[in-house]
Asks: 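Please read through the structure below; I'll follow up with questions.
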Amino acid sequence: MTDLVTDLSAAGRAPRRSPLLRVRNLSVTFPQRSGPPVNAVRGISYDVHEGEFLGIVGESGSGKSVSSLALMGLLPSSAQISGSIDFDGHKLLDMNDRQLSGLRGRDISMIFQDPLSALTPVYTVGDQIAEALLLHDAALTKQAARSRAVELLKVVGIPAPERRAKAFPHEFSGGMRQRAMIAMSIANDPKLIVADEPTTALDVTIQAQILEVLEKAKELTGAAVVLITHDLGVVAGHADRIAVMYAGKLVENGSTADVFSEPHMPYSIGLLRSVPNMQTAGTQRLVPLEGRPPSLTALPPGCPFAARCPIAVDVCREVEPLLASHGTFVSGMTVPVAVVGEEDTTSAHLSACHRSTEIASGALTRADIFPRPEPLDVQHPARPEDRTPVLTVTNLKRHFPLTNGGLFSRRIGTVRAVDGVSFSIQPGQTLGLVGESGCGKSTTILEILEMTAPQAGQILIDGTDIARASRAERLRLRKDVQIVFQDPMAAIDPRLPIGEVIGEPLTVHGVGRADRRARVQELLDLVGLDPQMADRYPHEFSGGQRQRIGIARALATNPRLVVLDEPVSALDVSIQAGVINLLEDLKEQLGLSYLFVAHDLAIVRQIADTVAVMYLGRIVEYGPVAEVFAHPRHPYTQALISAAPIPDPEIERSRTRVLLEGDLPSPTEEITGCNFRTRCPLYRLLDPAAQSLCATIDPPLVAHDGVDAACHHVDRNQIIDSALAFTP
Amino acid sequence: MVFYTFRRFVNYLILSAIATCLAYVVASLALDPAAKYYGRNPQPSAHVIESILNGLGVNPDVPVLVRLWNWIVTLVTQGSLGETVGGRSVVAEIVTRSGVSLQLLLLGSILGAILGVVLGVWGAVRQYSLSDQVVTYGSYLVFATPTFVIGVLLMIGATVLNSVVGRQLITFTGSYSAGLTGSWWDLLVDRGVHLLLPTIALVLTGAASYSRYQRSVMLDVLASDYIRTARSKGRSRNSALVRHGVRVALIPMSTFFAYSFGTLVSGSIMLEIVFSFHGMGEFTLQAITQSDINAVAGSTLFLAVLVLFSSTLSEILYAALDPRVRN
Amino acid sequence: MSIVEGASATLIAGPEPEPTTVVLARKPLSRGRLIWNRLAHTPRFWIGAVAMALIVIWAVFGPLLYPVDAFSRDPLNMGMGPTQLHWFGTNNIGQDIYAQTLIGLQKSLVIGLIAGPLGTLIAAVVGSVAGYVGGLVDGVLVWLINLLLVLPSFILLVILSPLFEDLSWVFLTVFLAGFSWMIMAQVVRSQTRSLRNRDFVKAARFMGVPMPTILARHIIPNVASLLIIDATLGVVAMIMAETSLSYFGFGIRAPDVSLGTLLSEGTAAAVTRPWLFVFPAGVLIATLFAVSLIGDALRDAVDPTSGVNRD
């Protein structure tokens, strides 16, 4: 029944002509010097029509980047590629490098993930864009190419493009570099733009800007776009169709509405259910998708997802399901009725699962497959009796001198990394600290954890001023404050068995070997790992497991406060939910307090009780999490919330966005009055009198119905919403 | 950037000065300039020896620091590094001899660097090809051979060649044929022939280390994202490698140049001695064997200035190649 | 980000473990094991290692199996080429070159094998302390490193060489090591500075682990592979330095014999009686070649990205 709807809507969007890009049975294998080859992509087929926006979604290692590099002809020469790729009348896999160079940059262009390393450091940005033009137009003069490059920079929204064209990549911010990449990719009016995780390395506010520019580029050139991402929220708002990849295969392919509202493949279902949604976060537990993708060197027979699939049956472990339209697929049979072959894949909703029909028919509901876990039934929840705040930070400042490289280092400015921050955390409470990178979050927590006297202000841990604490006292305080780092790969010494990693904090406090060992067993059990594994080395664990090891280490000394520095942002989406649930459980069981630093607002909303929003070393909004998310007072908070993508196409498409202009200003810049006004969407809408207030007086953090906000015009912030229709 | 380079220059200048002073002190303490005169027959009177030593400013009875101070004062006020035991001005000796040394050193290091870079890029682009393997094993072999051994082996080879050809095709003793007369062209050719073997030896050692380093830098660059970007714009692989890859891979070479310079200098000193060039190497060794403190200090200063110069040059080269360090 | 996501991770980190349930069944490779596996697949390593083993065995047992004494003179065979009696020929006073070469090889090996690792040890200590402690200590140590780099060690060695006439090769060894650690110390220092900001080191600091423990437990083991490579290549550098000094008459001195003194004696007659020069030179080159093959193979094994064309 949905088929019909899909068909009609698809037909409405894309005229049924032969597709621009037609990928059939594409496989990519990397032989290894020792050991079995890596099967990175295993026989995928999809189409992209002119002007279409396809989102390819997958976790790291799913083969999504490899498959797109294959169509650009940019894979390492060692890669073995089979199948066929037809692009606009060309058989790409049959072309040599020289022939492909004629197409690349002219008809197909690509935007890469890391815009810093993707630009050659020694040439100016303008020259690199001009290069793309000159390569495909021998008649163009250098002069003309340069001025066209400037125009392109202007198109993608780079201020002062004439000057900026002469700058080197390192003089650009991440967002500007990505804009320059987009400028480069649209230089020759391509028919297809492949964007490989173009916003992953960027802040959420910049991500929103870049996606906007990408949409604009698509409109200008009329090009089809293939957007590769791990973030369902990013594709929800932009893609026409979505292809989900898992372990080198396409496992689901359909219109965005279909895949989001009626996914047919358990992996897609699990993925969608595990992602915290900013609108519902905090009200219910997350649905974890346990396990990890199989190794691409030794794939088990059958469905690669079978090991993680809650509804796997025997056939799943024996026969790998083919990508097929569920309506004509006979479950349990080895021969599917409709397999993607020569026919067009555009309108169909395809999935690779033996039980798709049951799912599609509604016999198996999504909640059956991945039930939402019950909240942990804690018999005796730890209720901290001591009511002194575990952490009180008052007017904390950390300034770094900025010196010039002259003969005698002269101070030419000050970086106000942390500039008067105050907050406190009650026992058993979680404070979420959010803000763009460079806002001073990291410096704040470093100041707390280094436990040296702050430059200015005061840090009290359990009521003890760390500036005045003796050496012994400080060592005792260290017991009470522990940290979990962002990157589980970097946070654990790769050369120590995990038992020693977890027990390390205890060595400082003179705990004997036997006691340490016993405690490590206990901790491993607590974080859901097998206590038998204490002698194993970190590389034997997956990212999610390593993060659990990091959590176990943080808990070794029975701390009262755990600082969580982006604890899940380095993990794959499907793993995040499990770790978040664990953190919530531990907090209940042990009565912990968390200082949770994150940029992902949905996760903050899920776990935090109170939230503090930081901008340029200051807290601009501070209050109970539900209240702040429901009614943000400060325009910056509004912008942050509005920029965060929501993995729901309906909401995403109907949302209005408060876009911030430009980048985070350099922290050395002296901004009079309110330091947010240079980017403030509200400031632009204010009358001159109100503006002059912002420009002259630095707004203090003032309570507005239980939420503190540092803005002169809290009462007028709704005008942003009403003005959205008119702002560019 | 200019300031930064200047600051580094000043820093190196101070280091060079201290190094020279240290060498002066060590030489003064360790060497016994009087021994030579006592060993003469007939032995000069103690008085005569004393006056000779005083004349040179190396009398061991005068405290070392006083002698150092006098030496510095003379250097600063008169631009003089004192006299050698042979009675010649150290500065004059250095001026004549450094010409011979620098000729070899410059030629060897420049040609070595160019050859090394070319071979390194070639090896990286054609990794594991036969030519790469040959260059790789060849450079190991050169690595494993002390410079003087290369020199001597080349001499043996040239002798064999000369006897095969039946005439003196390659001459390799000294930096020119004494007493040769003829047009300036003949003299130039003569010098070139003399320079041939030591230059080959020096180029080989230089190219061996440069090529290994350039190869590994180039391999890093090959995998970098901007090569992929350049190709995605429509450059073919080779053109992207040359226009974007080699250009970036040259940056770390400028630092490597400074590091490898010391090895190159000691290699060239050895070659001078092996090939009987009357250069700074011979001067230094003679100075030490003759317990000539002023000459030792002078050659130390010369070497320190070379290091100073090469470090500064490498800094400037680095800034010229990499816009990221310019401001 | 790497070109081949997943695949390249596997290329670098070795086979990824299976999900938890399977992890117990197939034990993934530890780093040490992985390096060894890569080494085992490198022909260079085996050529170098086997050659080096043979050379060491030869140096130790060779003289025992050879009837001619290194220093006795054979008046009947002075200045002879290689014969059945004197395998490498004799010098002009009738001493056996083969026997002398073996003695010289022993000396060179001992000096190289001690001085190389000794220099690395100094580099490890100075580099890690400078990099970790930072501030004034770092400033002073860096300055010292730069001074030693500017100081012409060759001249100092030569000036001081009369001193080690009495102290013999032990002093020479220490002196050589003392002038060979600076560049490696700079490398260790910069590595330490980046390790210092790695999360696991920060974690240890935040726990209150004392500095020497952090250096020993976290920093040094993580630069160990670099140090092993440096120690290996240091052996080459030290043997070469010793040989060069001895060649010019400033290292090992008669009656003591090293490859350098042998080469020095052989040079004058290198053209007329090449065996005096070529045989000791061949042994020297073979030894250094073998060690540098091992060192280079180690480098590739430790840092697989350094030697693999990934385009």
Side-chain angles (χ1 to χ4, degrees), chain B residues 11-12 15-16 18-19 22-23 26-27 29-32 124-128 136-137 140-141 143-149 152-153 155-156 159-160 212 215-216 219-220 222-223 225 227-228 231 237 241 259 262 265-266 269-270 273-274 284-285 287-289 296 299-300 303-304 307-308 311, chain C residues 1-3 8 44 48 143 146-156 158-163 183 186 233 236-237 239-241 243-244 247-250 260 263-264 266-267 270-272 274 277-278 281 284-293 296 299 303 305-311:
Chain B
N11 187 30
Y12 275 116
L15 283 173
S16 310
I18 292 172
L22 264 176
V26 171
L29 293 177
L31 300 178
D32 180 10
V125 175
R126 309 257 154 160
Q127 199 190 15
Y128 301 135
T136 301
Y137 281 93
Y140 290 147
L141 202 60
F143 263 140
T145 316
T147 317
F148 69 89
V149 174
V152 174
L153 290 176
M155 277 162 72
I156 297 176
T159 311
V160 173
R212 293 306 294 159
R215 181 176 179 271
S216 80
L219 281 173
D220 276 348
L222 283 184
D225 288 351
I227 296 283
R228 215 168 49 177
R231 293 181 66 193
R237 179 174 180 270
L241 287 184
Y259 273 129
V265 168
S266 56
I269 286 179
M270 287 181 205
I273 295 162
V274 169
T284 311
L285 280 194
I288 293 161
T289 45
V296 168
S299 19
T300 311
L303 285 179
V307 172
L308 172 73
S311 315
Chain C
M1 127 117 220
S2 68
I3 320 170
S8 80
R44 274 207 310 286
W143 194 82
N146 282 332
L147 179 64
L148 284 173
L149 281 173
V150 173
L151 215 56
S153 52
F154 180 76
I155 292 185
L156 281 190
V158 172
I159 293 174
L160 294 173
S161 67
L163 294 178
I183 291 182
Q186 284 180 334
L233 295 177
V236 177
I239 292 180
M240 211 175 256
T243 315
S244 305
Y247 180 81
F248 293 108
F250 300 108
L263 290 170
S264 177
T267 303
V271 176
T272 48
F277 187 85
V278 171
L284 173 67
I285 293 172
T287 309
L288 298 182
F289 189 62
V291 184
S292 39
L293 281 185
D296 209 76
R299 190 203 310 270
D303 181 10
T305 57
S306 74
V308 184
N309 187 342
R310 287 159 294 169
D311 83 307

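Naming: A, B, ... by sequence-line order, numbering from 1 per chain. Only this structure's heavy atoms are used, side chains among them; waters, hydrogens and symmetry mates stay out.
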Asks: Report the option among C:A281, C:A237, C:S244, C:S292 that has the most heavy-atom pairs separated by less than 4.5 Å from atoms of chain B.
Replies: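 Heavy-atom pairs under 4.5 Å are most numerous for C:S244.
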Asks: Please evaluate residues C:Y247 and B:V274 with respect to the criterion side-chain contact (heavy atoms from CB on, under 4.5 Å), reporting the C-alpha separation (whole Å), side-chain torsions for both, the decisive distance (0.1 Å), and the verdict.
Replies: CA-CA 10 Å; C:Y247 180 81; B:V274 169; 4.1 Å; yes
Asks: Where does B:L141 contact chain C at under 4.5 Å (heavy atoms): side chain, backbone, both or neither?
Replies: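 Both backbone and side chain of B:L141 come within 4.5 Å of chain C.
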Asks: For B:L29, is it the side chain, the backbone, both or neither that has a heavy atom under 4.5 Å from a heavy atom of chain C?
Replies: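 Neither part, no heavy atoms under 4.5 Å.
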Asks: Would you mind checking which part of B:L285 comes under 4.5 Å of any heavy atom in chain C, side chain (CB onward), backbone (N, CA, C, O), both or neither?
Replies: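 Contact with chain C is through the side chain of B:L285 alone.
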Asks: First locate atom CG of B:L15, then atom CG of C:L151, and finally report the distance between them rounded to the nearest 0.5 Å.
Replies: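 B:L15 atom CG to C:L151 atom CG measures 10.0 Å (nearest 0.5 Å).
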Asks: How close do B:A144 and C:L288 get, heavy atom to heavy atom, and via which atoms?
Replies: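 Shortest heavy-atom separation between B:A144 and C:L288 comes out as O-CD1, 3.2 Å.
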Asks: With a 4.5 Å cut-off on heavy-atom pairs, point out which of C:D296, C:T267, C:V236 contacts chain B the most.
Replies: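 Ranked by contacts with chain B, first place is C:D296.
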Asks: Could you give me the CA-CA distance, side-chain angles and deciding distance for B:F143 and C:L233, then say whether side-chain contact (heavy atoms from CB on, under 4.5 Å) is met?
Replies: CA-CA 10 Å; B:F143 263 140; C:L233 295 177; over 6 Å; no
Asks: Rounded to the nearest 0.5 Å, what separation is found between the CD1 atom of B:I269 and the CZ atom of C:F248?
Replies: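 So the CD1 of B:I269 and the CZ of C:F248 are separated by 9.0 Å.
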Asks: Side chain, backbone, both or neither: which part of C:I239 has a heavy atom under 4.5 Å from chain B?
Replies: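 For C:I239, neither part sits under 4.5 Å from chain B.
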Asks: Heavy-atom distances under 4.5 Å only: say whether C:F289 touches chain B with side chain, backbone, both or neither.
Replies: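 The answer is both parts of C:F289.
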Asks: Can you tell me which portion of B:T145 sits under 4.5 Å from chain C's heavy atoms? Options are side chain, backbone, both or neither.
Replies: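 Both backbone and side chain of B:T145 come within 4.5 Å of chain C.
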Asks: When you compare the side chains of B:Y137 and C:R44, does any donor N or O come within less than 3.5 Å of an acceptor on the partner?
Replies: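 B:Y137 vs C:R44: no donor-acceptor pair found between side chains.
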Asks: Could you go through the side-chain contact (heavy atoms from CB on, under 4.5 Å) check for C:L147 and B:L22 one step at a time?
Replies: CA-CA 10 Å; C:L147 179 64; B:L22 264 176; 4.0 Å; yes
Asks: Counting only heavy atoms closer than 4.5 Å, note whether B:T284 contacts chain C via side chain, backbone, both or neither.
Replies: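 The answer is the side chain of B:T284.
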Asks: May I ask you to test the C:W143-B:I18 pair for a side-chain heavy-atom distance under 4.5 Å?
Replies: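 Contact flag for C:W143/B:I18 side chains = yes.
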Asks: Of the backbone (N, CA, C, O) and the side chain (C-beta and beyond), which part of B:T147 lies under 4.5 Å from a heavy atom of chain C, both, or neither?
Replies: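 Interface part for B:T147: neither.
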Asks: If I compare all heavy atoms of C:V150 with all of B:S16, which pair ends up nearest, and what's the gap?
Replies: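 Answer, listing the atom of C:V150 first, then B:S16: CG1-CA, 3.9 Å.
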Asks: Restricting to side chain to side chain donor-acceptor pair (under 3.5 Å), what partner residues turn up for C:S264, sequence neighbours left out?
Replies: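 Testing C:S264 for side chain to side chain donor-acceptor pair (under 3.5 Å), a comparison that skips the adjacent residues, returns none.
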Asks: Counting only non-hydrogen atoms closer than 4.5 Å, does C:L263 touch chain B with its backbone (N, CA, C, O), its side chain (CB onward), both, or neither?
Replies: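 The side chain, not the backbone.
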Asks: Where on B:V307 is there a heavy atom nearer than 4.5 Å to chain C: the side chain, the backbone, both, or neither?
Replies: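 Side chain only.
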